Amino acid sequence: MTGASADALGFIRLTEVGPRDGLQNEKRMVSTAAKVEFVDLLSAAGFPEIEVSSFVSPKWVPQLGDAADVFARIQRRPGTVYSALVPNERGMDAALAARVDKVAIFAAASEGFSAANTGGTIAEVVARFVPVVRAAHAARIPVRAYVSCVVRCPYDGVVAPSAVRRVVEQLLALGADEIDLGETLGVAEPEDIARLYAELASVLPAARTTLHLHNTNGRALDNARMALQLGVRSFDASAGGLGGCPYAPGARGNVDTAALLAMLESAGYETGVDGAAVERAISSITHVLRADAS
Ligand code: HMG
Ligand code: MG
């Protein structure tokens with residue numbers, strides 16, 4: 001792919017998830033003001049979508065308990081979609097009150113992670129999302145649906161692609177507008193990504209998925225390259241490579257936005273994202289996290 005022109009290769013949609021996936025996994029609390037500055041700097045970078053926070057139980061993820069305040073204080077750039085995770089109807093009500101542009105529901109392909117992360121079986125969690133999707137669509141808000149542990153689960157081990165396909169089918173039947181495949185542990189190899197997409201081909205073209213790669217084993221960029229070859233055109237990334245899930249022991253950060261951007265640009269893809277502005281956002285949050293750690 002190297003050397004091909006941007007015109008030839010086309011557009012890749014990047015969703016910046018650092019403010020949500022990144023900050024949910026920091027041990028210390030980051031102030032609301034620092035989160036707002038981080039999101040505003042990311043907005044200036046021109047991402048089509050920024051996952052700002054989560055309207056989950058603060059008992060489960062206290063780090064993001066200020067989601068409503070963050071949404072109230074950010075400056076919204078026209079053209080950017082500001083989204084948030086919602087786990088249930090209560091979270092949906094709060095998300096609507098905060099005027100989110102899009103919501104993300106989240107299920108798992110493994111029972112162990114479903115129980116640990118959302119306190120229910122896969123079937124229970126999918127059922128919980130029925131009224132959430134209905135409310136989102138009544139408010140004309142699109143729904144992203146994550147499937148976590150698409151390759152491996154911290155509790156159940158290897159996850160079969162067919163288990164992922166079954167959950168994807170259920171989420172599509174619910175009316176999800178976007179399927180986001182979460183490689184939660186960051187341990188996949190490119191062949192795992194190829195096997196996964198081969199299994200999903202009959203239910204969903206690769207070009208209609210988003211891929212959410214964690215980078216524990218340092219293979220996220222290789223996995224992204226494989227996904228590009230398979231036709232994936234939408235990726236999540238996290239500024240500074242922050243990220244992880246408090247309920248996925250062993251999971252490290254997401255693929256770093258700057259690294260993914262550099263790889264995509266050198267391969268000839270367009271993203272509309274300004275790398276220098278991303279660096280300013282990374283400096284801002286890194287400074288805050290370093291100061292907090294001292
Ligand atoms: P539960 O304990 O089974 O349910 O949690 P509950 O209804 O008993 O709620 C517990 C308490 O939370 C109650 O308070 C509720 O009122 C309150 P109490 O009565 O004890 O005072 N509560 C809420 N408060 C505010 N907003 C709400 C809300 N809901 C309940 N929306 C629940 C079930 C789903 C709520 C919980 O399991 C939860 O919040 N889980 C979220 C965990 C999470 O956010 N994990 C990280 C995100 S997922 C991820 O990182 C993976 C991803 O990045 C993709 C990938 O990498 O694979 C997306
Ligand atoms: Mg994640």
Side-chain angles (χ1 to χ4, degrees), residues 15-26 51-69 71 83-98 100 102-110 112-122 124-129 131-132 135 143-155 159 164 167-168 171 176 178-188 196 209-216 220 223 235-238 241-257:
T15 299
E16 170 58 50
V17 298
R20 194 280 303 169
D21 200 317
L23 299 186
Q24 77 180 10
N25 204 42
E26 291 298 321
E51 206 167 74
V52 174
S53 194
S54 294
F55 291 93
V56 299
S57 169
K59 292 194 168 159
W60 285 63
V61 183
Q63 294 91 333
L64 301 184
D66 59 352
D69 285 344
F71 267 95
S83 57
L85 255 61
V86 298
N88 52 20
E89 281 184 279
R90 177 159 171 196
M92 186 64 208
D93 290 345
L96 287 175
V100 303
K102 177 173 173 181
V103 292
I105 58 177
F106 48 107
S110 62
F113 189 68
S114 186
N117 194 44
T118 40
T121 63
I122 297 169
E124 285 164 351
V125 169
V126 170
R128 210 182 269 165
F129 287 134
V132 172
V143 177
R144 154 181 281 202
Y146 280 103
V147 181
S148 286
C149 300
V150 295
V151 169
R152 193 175 179 89
C153 167
Y155 307 99
V159 174
V164 181
V167 180
V168 167
L171 293 170
E178 175 188 358
I179 296 292
D180 191 329
L181 301 168
E183 208 282 272
T184 316
L185 283 188
V187 296
L196 175 63
T209 67
T210 294
L211 188 59
H212 175 103
L213 294 165
H214 284 260
N215 195 27
T216 311
N223 292 334
F235 292 88
D236 294 344
S238 173
L242 301 173
C245 174
Y247 299 99
R252 304 271 289 276
N254 289 81
V255 63
D256 174 42
T257 309

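Counting begins at 1 with the first residue of the sequence. For ligands, and for the atoms within them, numbers begin at 1 and follow the listed sequence. Here the structure is a predicted model, which means the values were calculated and not measured.
Between atom 42 (C) of ligand 1 and the options Val56, Asn117, Val86, the minimum heavy-atom separation is to Asn117. The option from Glu183, Arg90, Arg128 that lies nearest to atom 17 (C) of ligand 1, judged by heavy atoms, is Arg90.
Summary of contacts: the protein heavy atom closest to atom 52 (C) of ligand 1 is Arg20 NH2, 3.7 Å. Atom 54 (C) of ligand 1 has as its closest protein heavy atom Ser148 OG, 3.5 Å. Nearest protein heavy-atom neighbour of atom 25 (C) of ligand 1: Pro58 CD, 3.5 Å. For atom 30 (C) of ligand 1, the nearest non-hydrogen atom of the protein is Asn88 ND2, 3.8 Å. Residue, atom and distance of the protein heavy atom nearest to atom 32 (C) of ligand 1 are Thr118 O, 4.3 Å. What sits closest to atom 10 (C) of ligand 1 on the protein, heavy atoms only, is Ser57 OG, 4.4 Å. Scanning all protein heavy atoms for the shortest distance to atom 57 (O) of ligand 1 gives Thr184 OG1, 2.5 Å.
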- Check the pair Arg128 / Glu89 against salt bridge (charged side-chain N to carboxylate O under 4.0 Å, His left out), numbers first and verdict last. CA-CA 8 Å; Arg128 210 182 269 165; Glu89 281 184 279; over 6 Å; no
Arg144/Glu51 under salt bridge (charged side-chain N to carboxylate O under 4.0 Å, His left out): CA gap, chis, key distance, verdict | CA-CA 11 Å; Arg144 154 181 281 202; Glu51 206 167 74; 3.5 Å; yes
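Heavy-atom contacts of His212 reach the following atoms of ligand 1: 53 (O), 54 (C), 55 (C), 56 (O) (cutoff under 4.0 Å). Of all atoms in ligand 1, numbered sequentially from 1 with element shown, those under 4.0 Å from a heavy atom of Leu85 are 47 (C). Numbered from 1 in the order shown, with element, the atoms of ligand 1 that lie under 4.0 Å from a heavy atom of His214 read 56 (O). Close approach to Lys59 involves these atoms of ligand 1, each under 4.0 Å from a residue heavy atom: 14 (O), 18 (P), 20 (O), 21 (O). Listed by number with element, the atoms of ligand 1 under 4.0 Å from a non-hydrogen atom of Cys245 are 46 (C), 50 (O). Atoms of ligand 1 lying under 4.0 Å from any heavy atom of Asp21, numbered from 1 in the order shown and given with element: 53 (O).
For a distance bound of 2.8 Å, the N, O or S atoms of Asp21 include one lying that close to the Mg ion (ligand 2). Residue contact annotation: His214 places an N/O/S atom under 2.8 Å from the Mg ion (ligand 2).
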